[in-house]
Amino acid sequence: MTPFLLVLSSPSGGGKTSIARALLQARTDVGYSVSATTRAPRPGERDGQDYHFLTPAEFERRVAAGDFLEHARYGGHRYGTLRSEIDRVLRGGHHVVLDIEVEGARQVMERMPDAVRVFVLPPSARVLAERLRRRDTETAQARRTRLERAAEELLAAHAYDYVVINEHLRDAVNSVGAILDAETSRVARQRDLVAFIEQLRQGVVDAAARGESE
Ligand code: 5GP
């Protein structure tokens with residue numbers, strides 16, 4: 001298997017983080033790229049696990065050092081994917097799941113064009129607003145800003161490779177899993193395919209010569 005990047009984007013509240021978590025629990029062939037951010041941890045979030053929480057100065061230093069594969073601004077904060085995270089997961093032989101917004105996804109495609117991009121859509125505007133409200137981790141103003149940003153981000157969905165509507169989490173996770181499986185089987189991603197087919201072919205030629213089907 002040749003591991004690749006799986007980019008999950010959706011408007012805030014669309015469910016991409018839940019899908020990413022469920023995929024990690026359900027599958028042994030994926031790993032998660034822990035992003036860096038300058039926003040404060042939410043209750044229950046742990047440094048190094050949910051995010052690498054950096055000060056703005058530290059984030060800037062790492063931008064200047066070229067440590068990020070991509071980075072973007074969201075809700076007044078910085079977010080970015082560290083190259084070291086991608087390397088860590090790929091080196092382990094796993095596909096890398098990235099939970100990132102659309103500007104970052106665009107940068108990833110420029111730099112790693114064989115990444116697979118999936119846009120997760122909420123089933124309706126009402127459900128999206130309700131999920132944001134239920135999460136209750138933001139102020140009313142921040143939620144409004146996220147909804148405004150969501151309206152903008154939805155315009156980017158058509159540029160992705162796949163869309164998945166997240167009405168029921170389990171179905172959405174299965175759909176993303178099916179995408180992972182199909183992309184894993186792509187001929188272009190089979191590093192050892194030529195050697196394997198040649199070995200098979202030789203075996204078949206030899207079997208024919210020995211008359212093994214008679
Ligand atoms: P939140 O603050 O809700 O955790 O994330 C806000 C937005 O930032 C979400 O759309 C999330 O996908 C995105 N995000 C998280 N990590 C990254 C990252 O490393 N790069 C980019 N570009 N966006 C990210």
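Whatever order the structure lists them in is the order used to number ligands and atoms, beginning at 1. Hydrogens, waters and symmetry mates play no part in the numbers below; they use all other heavy atoms, side chains included. One-based numbering along the sequence shown.
For ligand 1, the polar-atom distance check against Asp99 finds a nitrogen or oxygen pair separated by under 3.5 Å. Checked against a 3.5 angstrom limit, the closest N/O atoms of Glu45 and ligand 1 fall outside it. Looking at Arg146 next to ligand 1, an N or O pair under 3.5 Å apart turns up. For a threshold of 3.5 Å applied to N or O pairs, the pair formed by His71 and ligand 1 contains no separation below that value. Some N or O of Gly80 is nearer than 3.5 Å to an N or O of ligand 1, by distance alone.
Those atoms of ligand 1 that come under 4.0 Å of a heavy atom in Arg39, given as number and element, are 1 (P), 2 (O), 4 (O). Listed by atom number, the atoms of ligand 1 under 4.0 Å from Thr81 heavy atoms are 19 (O).
His95 and Glu183 share no side-chain donor-acceptor pair at under 3.5 Å.
A salt bridge links Arg134 and Glu130; the closest N-O separation between the charged side-chain nitrogens and carboxylate oxygens is under 4.0 Å. Between Arg111 and Glu70 there is no salt bridge, since none of the side-chain N atoms of the basic residue sits less than 4.0 Å from a carboxylate O of the acidic one.
The protein non-hydrogen atom at the shortest distance from atom 9 (C) of ligand 1 is Lys16 NZ, 3.6 Å. Residue, atom and distance of the protein heavy atom nearest to atom 20 (N) of ligand 1 are Glu70 OE2, 2.7 Å. Protein heavy atom closest to atom 17 (C) of ligand 1, with residue, atom name and distance, is Ser35 OG, 3.4 Å.
Both Val120 and Val30 are part of a single hydrophobic cluster, where members link through side-chain heavy atoms under 4.5 Å apart.
Ile19 and Leu169 get closest at one heavy-atom pair: CG1-CD1, 3.7 Å.
Distance check: Asp99 CG to Lys16 NZ gives 5.0 Å after rounding to the nearest 0.5 Å. One distance of note links CZ of Arg39 with OH of Tyr79; it measures 4.5 Å at 0.5 Å rounding.
In this structure, the side chains of Arg143 and Arg135 stay at 4.5 Å or more apart for every pair of heavy atoms.
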Could you check Arg144 against Glu148 for salt bridge (charged side-chain N to carboxylate O under 4.0 Å, His left out), going step by step and ending with a plain yes or no?
-> CA-CA 6 Å; Arg144 227 183 343 262; Glu148 283 163 10; 5.4 Å; no
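Residue contact annotation: His77 has no non-hydrogen atom under 4.0 Å from ligand 1.
Remark: among candidates Phe68, Tyr51, Tyr74, the nearest residue to atom 15 (C) of ligand 1 is Tyr51, based on non-hydrogen atoms. When the options Glu103, Gln107, Arg73, Arg42 are ranked by their closest heavy atom to atom 1 (P) of ligand 1, first place goes to Arg42.
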